[in-house]
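The structure under discussion appears below in the form of structure tokens.
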Amino acid sequence: MSADVTAVVVRLKLSLLRNGLKQSGGRRAAYVASAVVTLLFAALQLIGLIALRGNEHAVSVVVPLVAVLALGWAVMPLFFPSGDETLDPTRLVMLPLRPRPLVRALLAASLVGIGPLFTLCLLVGAALSVAHGGAAYVVGVLGVALALLVCVALARTVAAANIRLLTSRKGRDLAVLSGLVVAIGAQLVNFGAQRLGSSGLAQLDPAADVLRWVPPGSAIGAVESVSEGSYGVAVVQLALSAGALAGLIAVWSRHLTRLMTAPDGSTLQSAGESVARERTSTGLGRLLPTGRTGTVAERSLRYIWRDPKTKAAWVTSLAIGLIVPVFNALQGTGSIYFACFAAGMLGIQMYNQFGQDTSAFWMVALTISSTRDAYVELRGRALALLLITLPYATLVTVLTTAMLGDWARLPEALGLSFALLGAMLATGAWASARFPYSIPQEGYKNVAPGQAGLAWISIFGGMVGAALLCAPVIVLTIWLNISANGDDWTWLLLPVGAAYGTGITLAGLRLAAPRTAARLPEILAAVSKG
């Protein structure tokens with residue numbers, strides 16, 4: 001029975017993959033391109049790890065690498081946009097399946113895909129880099145298998161433990177921290193890589209001495225121990241990895257049992273929800289302009305605060321927009337112009353404005369009957385974004401300037417940030433009307449199947465357009481910096497950038513309004529697809 005369930009679930013995984021690729025040629029092309037790039041990167045990593053053979057610090061590189069790989073498996077499946085749909089065990093609740101056979105079946109299905117193959121390549125390279133002698137190669141085979149299974153089981157266990165959390169409204173708000181974790185983690189990795197490049201691999205020795213006893217790093221550490229003749233140590237390290245795998249499977253099985261037998265809290269009515277409460281406008285709402293502009297702005301701000309996916313996107317942008325310039329300034333390699341990253345990251349939130357409403361956009365569409373209505377709608381949404389972005393971009397720019405001590409360039413950095421923000425608001429408004437796409441409310445995807453091409457065109461095409469629109473301010477900045485007496489006039493870049501950003505924003509809203517009014521049926525169909 002278990003073998004039959006395993007075969008069926010593996011075939012189901014392959015069918016999901018195959019049927020997903022049949023939906024559109026763009027999706028097939030994107031999958032093939034990502035597969036080729038991923039496997040090429042994996043091959044280069046494999047070659048690089050094998051090249052470490054004989055290096056005295058090889059184990060100090062591969063053991064932390066395996067630990068980081070396991071951390072990625074634990075975190076990324078929860079919020080990666082193109083994550084594995086079979087990570088959600090609640091889809092199988094109605095089937096007559098027992099947890100133990102289901103665990104084995106899902107574990108086998110988890111080994112199918114680009115991610116496991118990429119992980120296998122890195123683990124093989126890690127084992128080969130520290131293996132010396134026949135016994136080490138034999139232990140390496142077992143160590144690689146254990147490390148791979150621990151990574152996969154870790155991902156499944158974390159997903160099963162948090163699936164109720166992520167699919168409930170209040171619980172999904174906590175998942176906002178995931179974007180912050182990724183943003184900070186990426187910058188920490190970048191910071192660590194730069195430190196290693198300047199100080200050498202010996203700095204990893206203390207971390208490796210600890211991580212070689214932490215699964216799944218202990219599985220690769222066992223290979224190195226056998227190479228040195230420490231067979232007893234290797235047995236203990238392998239036992240740690242095997243014990244971690246058994247523990248993860250036990251926890252995973254317990255969570256599956258709970259998911260398949262316990263009622264979902266979202267189906268139980270709480271005592272406090274039976275009485276409707278009248279809500280008055282917030283203090284911020286009273287400060288906004290009267291009329292439709294203020295109403296739209298307040299509605300957009302409420303979406304940012306209440307909708308989990310919208311909030312996650314904002315928190316991630318806020319974190320990255322601050323971390324990139326600050327981390328570079330801390331390393332002494334930063335530039336005042338990195339502060340523009342804050343305006344750029346938040347400006348992205350203007351793209352796909354209607355897709356953020358999902359199927360509820362039909363209520364907004366009913367209120368748009370003319371180009372004027374569309375313009376006021378877009379203006380209110382832009383105002384909501386500006387209320388957050390303008391003070392935030394200013395704060396990040398001032399903080400970066402203070403860390404670098406380059407106060408003379410503060411006006412031009414602020415001017416460039418304001419111009420960039422205006423350009424992104426303009427192109428974002430136009431892209432929202434021209435390339436709308438749906439954002440599924442359930443699951444981990446940020447783009448509905450078959451609309452990935454629209455998302456890429458909307459965001460990256462708009463960013464290219466924003467860069468081109470900023471060209472006049474950029475050229476003026478360069479000219480003032482290279483001219484003989486230009487430093488005396490760089491302060492003009494602040495008012496020029498602010499005025500240019502304001503003008504380009506208003507022009508972009510004016511151009512996007514008639515297209516929005518004319519394409520309401522198409523926009524509604526596109527954003528309701530998910």
Side-chain angles (χ1 to χ4, degrees), residues 187 190 194 317-318 320-351 382-383 385-431 459-512:
Q187 289 303 313
N190 179 41
Q194 293 187 10
S317 297
L318 288 167
I320 297 178
L322 175 65
I323 289 171
V324 169
V326 168
F327 266 61
N328 281 277
L330 286 173
Q331 297 174 47
T333 59
S335 168
I336 187 66
Y337 302 114
F338 280 1
C340 297
F341 209 82
M345 287 301 302
L346 295 187
I348 293 177
Q349 303 306 317
M350 187 64 186
Y351 294 84
L383 174 62
L385 190 143
L386 285 171
L387 288 175
I388 301 174
T389 305
L390 274 178
Y392 180 79
T394 303
L395 176 64
V396 171
T397 304
V398 172
L399 179 61
T400 305
T401 304
M403 296 179 68
L404 295 174
D406 195 4
W407 292 103
R409 297 190 182 277
L410 177 61
E412 59 185 275
L414 281 174
L416 282 173
S417 293
F418 295 156
L420 175 61
L421 178 59
M424 297 197 74
L425 289 176
T427 55
W430 186 85
I459 296 176
F460 289 96
M463 291 172 65
V464 172
L468 294 176
L469 288 176
C470 284
V473 180
I474 296 174
V475 170
L476 178 60
T477 302
I478 296 174
W479 181 75
L480 288 177
N481 277 277
I482 63 175
S483 62
N485 299 321
D487 290 341
D488 297 334
W489 299 97
T490 53
W491 63 271
L492 285 174
L493 290 171
L494 177 55
V496 168
Y500 185 82
T502 302
I504 203 68
T505 298
L506 295 176
L509 296 178
R510 294 276 183 192
L511 291 174

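These figures come from a predicted structure and were not determined experimentally. Values below: all heavy atoms of this structure, side chains included; hydrogens, waters and symmetry mates excluded.
Met463 contributes atom CE, which lies 9.5 Å from atom OG1 of Thr427 (distance to the nearest 0.5 angstrom). Put simply, CD1 on Ile336 and CZ on Arg409 are 9.0 Å apart, with the number rounded to the nearest 0.5 Å. Within the model, atoms OG1 of Thr505 and CG of Leu383 stand 11.5 Å from one another, a figure rounded to the nearest 0.5 Å.
Nearest heavy atoms, Met424 versus Tyr351: CE-CE1, 3.8 Å. Shown here for Leu469 and Ala423, the closest heavy-atom pair between the two residues is CB-CB, 3.9 Å. Smallest separation of non-hydrogen atoms from Thr477 and Tyr337: CG2-OH, 4.2 Å. Of all heavy-atom pairs between Met403 and Val326, the closest is CE-O, 3.8 Å. Across all non-hydrogen atoms, the minimal contact from Ala342 to Ala393 is CB-CA, 4.4 Å. Nearest heavy-atom pair across Ala408 and Thr490 is O-OG1, 4.4 Å.
Side-chain contact between Phe418 and Thr502: absent, with no pair of heavy atoms (C-beta onward) separated by less than 4.5 Å. Considering only heavy atoms from C-beta on, Leu421 comes within 4.5 Å of Leu390 through its side chain.
One N or O on the side chain of Tyr392 and one on the backbone of Leu322 form a donor-acceptor pair closer than 3.5 Å.
Checked against side-chain hydrogen bond (donor to acceptor under 3.5 Å, both in side chains), Tyr500 has no partners two or more places apart in sequence or in another chain.
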